[in-house]
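Data block below; observations after.
For this chain, numbers begin at 1 and follow the sequence in order.
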Amino acid sequence: MTLRLALALCLLALPALADQRAVAPGTGLAAAIAGAAPGDVLLLQEGDYPGPVRIDRPLTLRGPRGARVDGLGQGTVITIAAPDVTLEGFSVTGSGNANADLDSGVKILKGADRARISGLLLQDNMHGIDVHGGRDAQVTGNVIEGRRNPRMNDRGNGIYIWNSPGTVVTDNSVRWGRDGIFSNTSRKGLYRGNLFRDLRFAVHYMYTHDSEVSDNISIGNHLGFAIMFSDRVKVQGNRSFGDREHGVMLNFANSADVSGNLVRGGTKKCLFIYNAHKNLIWDNRFEGCGIGIHFTAGSERNVLTGNAFIGNAEQVKYVGTRLLEWSFKGRGNYWSDHPAFDLNGDGIADSVFRPNDLMDHILWSQPAARLLTGAPSVQLIRWSQSNFPATLPGGVVDSAPLMAPLSLPVSADIAAMEAEVAGRWAKGKFDDFNPDDLGSH
């Protein structure tokens, strides 16, 4: 084969150069899509573009925030039905109201693989972005502001992911609506660096395996990070501030790596573990909650080490009678209420720590007994158990408590948001909270 022939064959194998076409506002965006060749770039200008529209070939739609695609209340605003579609920069609004149909600002269908949704502003849509079967989608740097119906369960999710392996969701801001990210029946996703505010759940996992939730921030939601019926999930480096029910929840979640997370200022539980097994929970900081960790329903073979439990009204609530050791290879956890000494200076307290005693078990099972908390007989029982450990029931034992807590940094802008939520807490100014909403998945 001559060099000239080989070069000609190579040129024939290359795709045609993409054509860039300006699309004026008010004209038919659907017609522009229908007239575009695969690979073309449609450049939207400032102004309104009536929808809904369907993209059935590989295209790029790019425009400034002032370019607005409006669904006019009819179904999904932009439906992606082809692979290799990119949406960049503009605004999407006005989806329909049918939650059962998952009306959305943007919907990515099965077969529409490798979609890229970047830098959009999505407002007043039932769901912001619905990744519904497309593989390897990238959802990056978008601002999603959901609806504010009186009941949260009547709203849609910021980002809904269903059966879409390889989805990457990074650096998005999601506010209002129902859940920030609801990932259902999927796997191998990466959800990193997102900000979630004023939602039901920041991240809600159902049957999503072999994936990662890392470096996200949840502020003022009902529940931060709910990992449910999912295996082998990395939950790392997240922050939960002022979330009203739980900061992190492991519910039927197994073999997770939960590390480097900071939960602070929740009213009920920093960490709730229910029927979750073989999880590694290490180097987290749980601070200022009603309960530091609630551990129940036969959860077994979990390892807890290097965590800090600071200033929680009740550090541990363990519902069970088995003896649980919460240290690993000579390294336990830090407990702010442990009056510890370290005579040899190795950073490990010289005495073991048991966060609960017999009276705690009685108070959990018989709440009316709290009236007797200050009674001399109760104080005598607690004194006896502290001096004669053999009388203690089964429960959590930390044989190597740490003398100092780990510190996890918080940036100034996030600390300001945390303070604003704490101010709302102090004034009791929260809208639409209904505990029943947390029980509906």
Side-chain angles (χ1 to χ4, degrees), residues 13-45 47-64 67-122 125-142 144 156-157 159-169 186:
L14 292 175
L17 293 177
D19 187 16
Q20 294 194 8
R21 303 183 182 187
V23 182
T27 59
L29 179 56
I33 293 171
D40 281 358
V41 178
L42 301 183
L43 301 175
L44 308 185
Q45 312 302 305
D48 290 342
Y49 295 81
V53 297
R54 183 181 182 92
I55 302 175
D56 59 358
R57 63 204 67 191
L59 292 177
T60 294
L61 267 64
R62 180 180 299 139
R68 188 174 69 165
V69 182
D70 190 340
L72 305 175
Q74 303 174 45
T76 289
V77 183
I78 299 176
T79 300
I80 299 176
D84 302 306
V85 170
T86 297
L87 308 180
E88 293 181 1
F90 53 92
S91 299
V92 180
T93 189
S95 81
N97 300 315
N99 213 337
D101 296 334
L102 296 175
D103 287 348
S104 307
V106 176
K107 186 185 297 289
I108 303 169
L109 298 179
K110 183 177 180 180
D113 300 335
R114 300 175 299 280
R116 296 175 60 90
I117 314 300
S118 176
L120 299 187
L121 173 61
L122 297 111
N125 301 293
M126 176 57 74
H127 298 268
I129 299 171
D130 175 18
V131 188
H132 211 83
R135 292 173 173 263
D136 301 319
Q138 294 190 34
V139 179
T140 304
N142 304 283
I144 303 172
N157 304 304
I159 301 168
Y160 179 50
I161 299 155
W162 178 82
N163 194 23
S164 299
T167 299
V168 175
V169 181
S186 197

So which atom in Pro58 and which in Ala82 form the shortest heavy-atom distance, rounded to 0.1 Å? N-CB, 4.1 Å
Suppose we screen for side chain to side chain donor-acceptor pair (under 3.5 Å). Which residues come up paired with Asp130, at least two apart in sequence or across chains? Lys107, His132
Step by step, would you call Leu109 with Arg54 a side chain to side chain contact (heavy atoms under 4.5 Å, CB included)? CA-CA 11 Å; Leu109 298 179; Arg54 183 181 182 92; 3.8 Å; yes
Is there a donor-acceptor pair under 3.5 Å between the side chain of Thr167 and the backbone N or O of Ser164? yes
Show which side-chain atoms of residues 70-78 pair as donor or acceptor with protein atoms under 3.5 Å away, not counting sequence neighbours.
{"residue": "Asp70", "atom": "OD1", "partner": "Leu72", "partner atom": "N", "Å": "2.8"}
{"residue": "Thr76", "atom": "OG1", "partner": "Ser104", "partner atom": "N", "Å": "3.1"}

Are the side chain of Arg114 and the backbone of Gln138 linked by a donor-acceptor contact shorter than 3.5 Å? no
How far apart are the closest heavy atoms of Asn99 and His127, and which atoms are they? OD1-NE2, 2.8 Å
Check: Asn125 side chain, Val92 main-chain N or O, donor-acceptor pair, under 3.5 Å: yes
Leu43 CG to Glu88 CD distance, which is reported to the nearest 0.5 Å: 10.0 Å
Measuring from atom CD1 of Ile117 to atom CG of Asn142, what distance do you get when rounded to the nearest 0.5 angstrom? 7.5 Å
Polar side-chain atom of Asp113 near backbone of Pro83 as donor-acceptor pair, under 3.5 Å: no
The reported gap from CG in Asp136 to CG in Asp84 (rounded to nearest 0.5 angstrom) is 10.5 Å
Which pair of non-hydrogen atoms, one from Arg21 and one from Gly35, has the smallest distance, and what is that distance? NH1-O, 2.8 Å
Set of residues satisfying salt bridge (Lys or Arg N to Asp or Glu O under 4.0 Å) with respect to Asp48, sequence neighbours excluded: Arg68
Kindly give the heavy-atom pair with the smallest separation between Ser95 and Met126, and that separation in Å. OG-N, 2.8 Å
Can any side-chain N or O of Asp19 pair as donor or acceptor with the backbone N or O of Asp40 at less than 3.5 Å? no
dist Ile159:CD1 -> Ile129:CD1 (nearest 0.5 Å) comes out at 5.0 Å
Can you tell me if Arg57 uses its side chain to pair, donor with acceptor, with the backbone of Ala36 under 3.5 Å? yes
Given 3.5 Å as the limit, does a donor-acceptor pair link the side chain of Tyr160 with the main chain of Leu102, or not? no
Any Ile80 side-chain heavy atom under 4.5 Å of Leu87 side chain: yes
Under the side chain to side chain contact (heavy atoms under 4.5 Å, CB included) test against Val106, which residue among Val85, Val131, Leu122, Val139 passes? Leu122
Nearest non-hydrogen partners of Pro64 and Leu44, listed with the distance: CD-O, 3.3 Å
Heavy-atom closest pair (Phe90 atom, Leu61 atom, distance to 0.1 Å) is CE2-O, 3.3 Å
